[in-house]
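Note that these values count all heavy atoms, side chains included, but never hydrogens, waters or copies made by symmetry. In what follows, chains carry the letters A, B, and so on, assigned in the order in which the sequence lines appear, proteins first and then strands, with residues in each chain numbered from 1.
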There are 2 protein chains.
Amino acid sequence: MSFSEIRERIEATADDLYNARGIQAVGMDELRAAAGVSLKKLYQEYPSKSAIVMAVLERRHRSWTEGLDGLVRQAENPRARLLAIFDYLTRWFGEDSFRGCGFINTFAELGAVSPEVADYARQHKASFQDYVAQLVADAGAPSYLGPQLSILAEGAQTTAAIAGSTEAADQARAAAEVLIDAALGTETPGAA
Amino acid sequence: MSFSEIRERIEATADDLYNARGIQAVGMDELRAAAGVSLKKLYQEYPSKSAIVMAVLERRHRSWTEGLDGLVRQAENPRARLLAIFDYLTRWFGEDSFRGCGFINTFAELGAVSPEVADYARQHKASFQDYVAQLVADAGAPSYLGPQLSILAEGAQTTAAIAGSTEAADQARAAAEVLIDAALGTETPGAA
DNA sequence: TTGTAATGAGAACGATCGTTCTATACGCTG
DNA sequence: CAGCGTATAGAACGATCGTTCTCATTACAA
């Protein structure tokens, strides 16, 4: 097993375990067993548990960014690209492993005691907001639409996580359509 | 100090500490010291730490419900009552102690390992959604508006918590206005 | 004043966790 | 086959935590 294969295996396993049960609830020994490596190798690849946590956060960021962008690119017009955000959520919420946004969860668990984690979560959310802002600009909509859609997406994530249902994605998508059309000017009744 | 004064003191202290640093990061001894009671008294009032956690959740639920309803009742018409939800968020986000929704945070930290906590968080969110649904019904708006506004409120909470700014409340409020007006029928251009 | 029940401070216990160390087994080179 | 470096399993260590126990002190009743 090569260098990066080991890291891939460790980080994928840690991602799954941390997502399913929380970071503090998963000890290094359980991670070692699940990843099928020795403790020595774990500490040879990462100096500490928090280094693994940060690596998992980077992995989640890549996965989210690539997954979202992949779906957005399939949409055929700017309006559809904005709505694709919510189609992505629908798909995500339907996965068995879905337990809410990993950044919100990790921030809630460790943000208060780990500045590293808090900063990374902030950066991830800022990056998502920037991405949405770009899609909004591409659609020729006013910039205030960006935060509105970002907030809808965030709310759908926590609502779906706690309620344990996927419907929040569709409800958020319906709201997004109204907001998009309003921002694009379709809403002015007597616009002559 | 009377029976209930002691419980009030313990729960208020626990609420503050758990909110500021997370539940697992605050030990029983620190809570004991901050509340100014003996360890014996702590365990005399509550059988375990998780009992204190549940008591804190109940306290938070009461505080949220009463605070929100108090502001909503001051609004003079159904539309203003719906928007009062977001005024409440603005006020809340501005507090120094604000660190996100305590139910989302606790759910993220313990929901996966504590069914009690997960259930209570679910109930709290369901109760909020019911409350919003009632306000929507009172406003004569279609029922789909309820989840839309609830999702906006949830999203504002996590966005404000992670970004550390209050602007999400105003952005969500602006979005809510659009959604409310659209749902109330103002949106149909040629409605004759 | 004396005996008793309750209280408080803090030691103690057992479990768990992150991290390091040790001793054994393995694989490669000559 | 011999010898050496390396990886592995798992013991060990020190810290922390939830919970319980000890024991000295206090408040009060008779």
Exercise for the section: Could you check which of D:dA7, C:dA9, D:dT19 has an atom nearest any side-chain atom of B:L39? Expected result: D:dT19
Handout entry: d(CG, A:L42; P, D:dA7) in whole Å
Key = 14 Å
Problem - Partners meeting salt bridge (Lys or Arg N to Asp or Glu O under 4.0 Å) with B:E177 (sequence neighbours left out) - result: B:R79
Exercise for the section: Please determine, for the side chain of B:K41, which listed nucleotide (D:dA9, C:dT7, D:dT19) has the closest atom? Expected result: C:dT7
Practice task
Establish, with yes or no, whether the OP1 or OP2 oxygen of C:dG18 is under 4.0 angstrom from a side-chain nitrogen or oxygen of A:K49.
Solution key: yes
Handout entry: Closest to the B:Y43 side chain, choosing from C:dT20, D:dT20, D:dT8
Key = D:dT20
Handout entry: Nearest-Å distance for atom pair CZ/P, residues B:R32 and C:dA9
Key = 7 Å
Handout entry: Spacing of B:D29 atom CG relative to C:dA11 atom P, expressed in whole Å
Key = 10 Å
Fill in the blank from the handout: Here the distance between atom P of D:dT16 and atom CD1 of B:I23, to the nearest Å, is 21 Å
Problem - Spacing between A:L17 atom CG and C:dC17 atom C1', to the nearest angstrom - result: 16 Å
Completion exercise
From the candidates C:dG18, D:dT19, D:dT8, the one with an atom nearest any side-chain atom of B:M28 is D:dT19
Practice task
Describe, in one word, how the ring planes of A:H61 and A:F103 are oriented to each other, choosing from parallel (under 30°), tilted (30 to 60°) and perpendicular (over 60°).
Solution key: perpendicular
Fill in the blank from the handout: 5'-most contact on DNA chain D (nearest-nucleotide basis), B:K40 vs B:S48, goes to B:S48
Handout entry: Pairs meeting criterion salt bridge (Lys or Arg N to Asp or Glu O under 4.0 Å) with involvement of residues 80-107 of chain A, two or more places apart
Key = A:D87-A:R173
Problem - Residues B:E45, B:K40: salt bridge by 4.0 Å N-O rule - result: no
Handout entry: Interatomic distance, B:Q44 CD vs D:dC21 C1' [rounded to whole Å]
Key = 15 Å
Exercise for the section: To the nearest Å, give me how far apart CG (A:L31) and P (C:dT16) are. Expected result: 18 Å
